[in-house]
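These notes concern the structure reproduced below.
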Amino acid sequence: MIDSSLKDIAAALRDRKVSAVELATESLARIDAGNPKINAFVTVDRDGALAAARAADERLAAGNGGPLTGIPLAHKDVFCTEGVLTTCGSKMLSNFVSPYDAHVVSLLKAAGTVMVGKANMDEFAMGSSNENSHFGPTRNPWNTDKVPGGSSGGSAAAVAARMVPIATGTDTGGSIRQPAALCGITGIKPTYGRVSRYGMIAYASSLDQGGAFGRSADDCAVLLSAMAGHDPRDSTSLEQGPEDFGRECTPAKAQPLAGLRIGLPKEFFAEGMSDDVRAAVDAAIAEYRKLGATIVEVSLPNTRLAIPAYYVIAPAEASSNLSRFDGVRYGHRAAEYGDLNDMYCKSRAQGFGGEVQRRILVGTYVLSHGYYDAYYIKAQKLRRLIANDFAAAFTQCDVIAGPVSPSVAFGIGEKSDDPVQMYLSDIYTIAVNLAGLPALSHPAGFGTGGLPVGLQLIGNYFGEARLLGTAHQFQQATDWHRQTPAGF
Amino acid sequence: MSRTDWEVVIGLEVHTQLNTQSKIFSGASIAFGAEPNAQACAVDIALPGVLPVLNKGAVERAIRFGLAVGATIAPKSIFARKNYFYPDLPKGYQISQYELPVVVGGQIPLLVPDGKGGTYEKTVNLTRAHLEEDAGKSLHEDFHGMTGIDLNRAGTPLLEIVSEPEMRSSAEAVAYAKALHALVRWIDICDGNMQEGSFRCDANVSVRPRGQAEFGTRREIKNLNSFRFLQQAIDFEVQWQIDLIEDGGKVQQATVLFDPDSGETRAMRSKEDAHDYRYFPDPDLLPLVIDNAWIERVKGELPELPAALSGRFQGEYGLSAYDATTLTASREVAQFYLDTVAAAGTANAKTCANWVMGDLAARLNKAELDITASPLSAAQLAGLVARIADNTISNAIAKKVFDALWNKEGDSADAIIDAQGLKQVTDTGAIEAIIDEVLAANPKSVEEFRAGKEKAFNALVGQCMKASEGKANPAQVNELLKKKLG
């Protein structure tokens, strides 16, 4: 049943052909069977899931169910969940049970979803491979020697392995789109400010944005519609009411995308993309042309500046955001220490992994007296230029298309000794976060080794419904998103 | 070099705790005195994932202050993070304002005691005032070698008011601090309670040879929570710096603490180990935008300011600058005075001023009472003043009536005058009878007067007043006595 579309599952629940408890049980059984192979979950909340499922069944029996009532899901372990371990993939929070729910978590609880567990992730959402988790790497269901992408790798792998039909994630520099691409599922990061960051443990506040994973654009639309909306507890939350992001996911027809202008940034196609990815991306664009879209070339001339700007701004914010993890009030504290300073140093050195420490050091450096103007202020100016590039491009097109990742999933351990190589794998996704735009990744075929390739669609501000509707038409004409990894 | 060759330069940074209901970035209460950590919510203790939301009430108070000092209210200001590690700073950074503060410029007019019983006027310019959150408290006692952390105060809204380095003596610094203290209470943005830390001063102090254009190296005295400590700390610090320089030393920039027990300042940290706070705009908060409509609305709600009221007291009531300034030291005193004048009539404004600043202030001071807790109401005082004005009682009797009102021996001056028979005797016949008695009983004084001793006349007046138990109208006694002796 979990392999079905969200709408089919919801209909079966509504018609009482399946119960929420049966669904939760199926989900938990799939986790039991598959998780030892891929390590997608940090925590499985069996009792909580069954209790939520029973409550959902009562609601459904009373006819009060909604589109997500009784649907099993996983939350990325970056979201605080009351009474449930919330680790952020870190030893620092390996003992932290949150006393409150993130806004997203409470919205989805209210919608009747059944949380089966907390998904593994790169520590504090810093990484592109899920290898930076204190709880061990998540593995790609398509090939368990490969990474699932990151930082929301656990969420993406859990959906790809059909352990859950949907999952939440966060995307600061590509952390939803890249694992979605590498795991062969659909994932959307909405416009900055759509989804409340309250209770979402901060990595880089001006870039972090919650979003949705599902098998299809249609499924993502249902989840995102329930996650988004104004939250007065987040000052950067957009003052917009609830919205049906699935409103453009209309039934198939001939030439459904007639009139849609898809822009291809020439900088994305210049170099760096591996041949297998290029072939799949080209084929997907040809498919869009068949669906009636017009393809135009656009330019994002400052694309090459996105990575340097990001690796100043994100670590700067992170260095400050992660200061609260000091061992004083909660989280890891060193067992033995001398004075206060020693307690800070030991607790943080023990509690944070290598990549997190690297970014804290970089961020501290770029904010230091005498370097701030040269790095932080300069990076903010680049950020403006990058946003201006997109604004110019959107005068010529409605949606921008391109690759998500330069290659298919790479091997576990392959890039872990070379952080710069790892950073470069985010080249196509990072600029979108700097500009605050919505973007999604949908399956677009397979490359070397039978590993999935994703296609990225980038929309203008508030263009989520258009993006999802566009991807939905593609998915009605193709079946890449219906492929399931062997053994799951 | 002698002491007079040195010029003192002082600038003050004053942290005023804003009297909002809740904290600046969370909904927790800021009431003083709760059990440790009972008023610290998820945001205040900086749980993972929490976010700040700006309290509009704090902004409104900053606008009120800016308007009251004639400053510019920034149409857009920015909250920044000041990063440093300390156990009572839960986030590891303090949210403050750095490059773009909410209030820019402004002035505080002062009346400074000149040390010779007089005063002189001075105006101190403000650099800026900015909004920020307070930290919690570290409690080093009672924990057997460990430190307790109380986060009740964490997130309390503060307005940090920074002056230009324009004060030239501890007296000017104290006068400035007092004027500022009076103003923030006047416009009701701070309760001014210095014991509870609602109004704390940091003083930047340096000295330079008089006539030198550039400033000397300054040291910052932290956390002075009384006017007396402010004065003592600056005086000690100034002498310490002068002595150091005169002994051939050089002042090093430093942060110092004042020890009230020893009366000395001592260095807490030097410039070398000063923090690099790594300020940057807080990405969790949008720029603070204040439009004209908001400013106009706050302006409309602002009470008449002390400077304007003082001017009115001088213009309309004919008070001196000193009296007018004294009566506008707090809104409560000014209101009591205004209420008294309203009941006693503008013609008696000067008498009212004398009573409010004189006997009433002295009695309140002695009883350690605030004017709002005065046992004597403005209406009662006005009733007293009216009876002085219409000659019902003399000034001497008035003091008796005042005491009786203070002790609640009667509801009004009239009631007390009636009940205690204190009405001034103005009946010519009655006064003449007293005079006759006094003259008959004091033949010696009469003789001396006739011999040309003026002093003897005053003695006879005194005897008459005594005989009337102070109730005879002194002017009439004078006049009639002259006639009789004439």
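Each chain gets a letter, A, B and so on, in the order the sequences are listed, and its residues count up from 1. This is a predicted model, so every value here is computed, not measured.
Looking at heavy atoms from C-beta onward, Phe215(B) lies in side-chain contact with Pro165(B) at the 4.5 angstrom threshold. Residues Ile95(B) and Leu285(B) form a side-chain contact, since some pair of their non-hydrogen atoms from C-beta on lies under 4.5 Å apart. The side-chain heavy atoms of Ile30(B) and Pro157(B), taken from C-beta on, include a pair separated by under 4.5 Å. At a threshold of 4.5 Å between non-hydrogen side-chain atoms, the residues Leu322(A) and Phe352(A) count as touching. With a 4.5 Å cut-off on side-chain heavy atoms, Leu93(A) and Ile201(A) count as touching. Considering only heavy atoms from C-beta on, Val356(A) stays 4.5 Å or farther from Asn132(A) through its side chain.
Using a 4.5 Å cut-off between heavy atoms, Leu207(A) makes no contact with chain B at all. For Pro99(A), the part lying near chain B is the side chain, with the backbone staying farther off; criterion is any non-hydrogen pair under 4.5 Å. Within the 4.5 angstrom heavy-atom criterion, only backbone atoms of Ala316(A) (N, CA, C, O) approach chain B. No part of Ile377(A) comes within reach of chain B, as not one of its non-hydrogen atoms sits under 4.5 angstrom from that chain.
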Scan the chain A/chain B interface and emit each donor-acceptor pair under 3.5 angstrom with its distance.
{"unit_1": "Tyr100(A)", "atom_1": "OH", "unit_2": "Pro48(B)", "atom_2": "O", "d": "2.6"}
{"unit_1": "Tyr100(A)", "atom_1": "OH", "unit_2": "Val50(B)", "atom_2": "N", "d": "3.4"}
{"unit_1": "Arg197(A)", "atom_1": "NH1", "unit_2": "Asp284(B)", "atom_2": "OD1", "d": "3.1"}
{"unit_1": "Arg197(A)", "atom_1": "NH2", "unit_2": "Asp284(B)", "atom_2": "OD1", "d": "3.1"}
{"unit_1": "Gly199(A)", "atom_1": "N", "unit_2": "Gly49(B)", "atom_2": "O", "d": "2.7"}
{"unit_1": "Ser205(A)", "atom_1": "OG", "unit_2": "Asp284(B)", "atom_2": "OD1", "d": "3.2"}
{"unit_1": "Ser235(A)", "atom_1": "OG", "unit_2": "Pro52(B)", "atom_2": "O", "d": "3.0"}
{"unit_1": "Ser320(A)", "atom_1": "OG", "unit_2": "Arg81(B)", "atom_2": "NH1", "d": "3.0"}
{"unit_1": "Ser320(A)", "atom_1": "OG", "unit_2": "Asn83(B)", "atom_2": "OD1", "d": "2.8"}
{"unit_1": "Asn321(A)", "atom_1": "OD1", "unit_2": "Arg81(B)", "atom_2": "NH1", "d": "2.9"}
{"unit_1": "Asn321(A)", "atom_1": "OD1", "unit_2": "Arg81(B)", "atom_2": "NH2", "d": "3.0"}
{"unit_1": "Arg324(A)", "atom_1": "N", "unit_2": "Lys91(B)", "atom_2": "O", "d": "3.3"}
{"unit_1": "Arg324(A)", "atom_1": "NH1", "unit_2": "Leu47(B)", "atom_2": "O", "d": "2.9"}
{"unit_1": "Arg324(A)", "atom_1": "NH2", "unit_2": "Tyr93(B)", "atom_2": "OH", "d": "3.4"}
{"unit_1": "Arg329(A)", "atom_1": "NE", "unit_2": "Ile45(B)", "atom_2": "O", "d": "2.8"}
{"unit_1": "Arg329(A)", "atom_1": "NH1", "unit_2": "Pro90(B)", "atom_2": "O", "d": "3.4"}
{"unit_1": "Arg329(A)", "atom_1": "NH2", "unit_2": "Pro90(B)", "atom_2": "O", "d": "2.8"}
{"unit_1": "Tyr330(A)", "atom_1": "OH", "unit_2": "Ala46(B)", "atom_2": "O", "d": "2.5"}
{"unit_1": "Tyr344(A)", "atom_1": "OH", "unit_2": "Tyr86(B)", "atom_2": "N", "d": "3.4"}
{"unit_1": "His369(A)", "atom_1": "N", "unit_2": "Asp276(B)", "atom_2": "OD2", "d": "2.8"}

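Ring orientation note: the planes of Phe124(A) and Phe325(A) are tilted relative to one another, at an angle of 30° to 60°.
For the options Leu89(B), Leu151(B), Leu286(B), heavy-atom pairs under 4.5 Å to chain A are most numerous at Leu286(B).
Rounded to the nearest 0.5 Å, atoms CD1 (Ile386(A)) and CD1 (Ile430(A)) are 9.5 Å apart.
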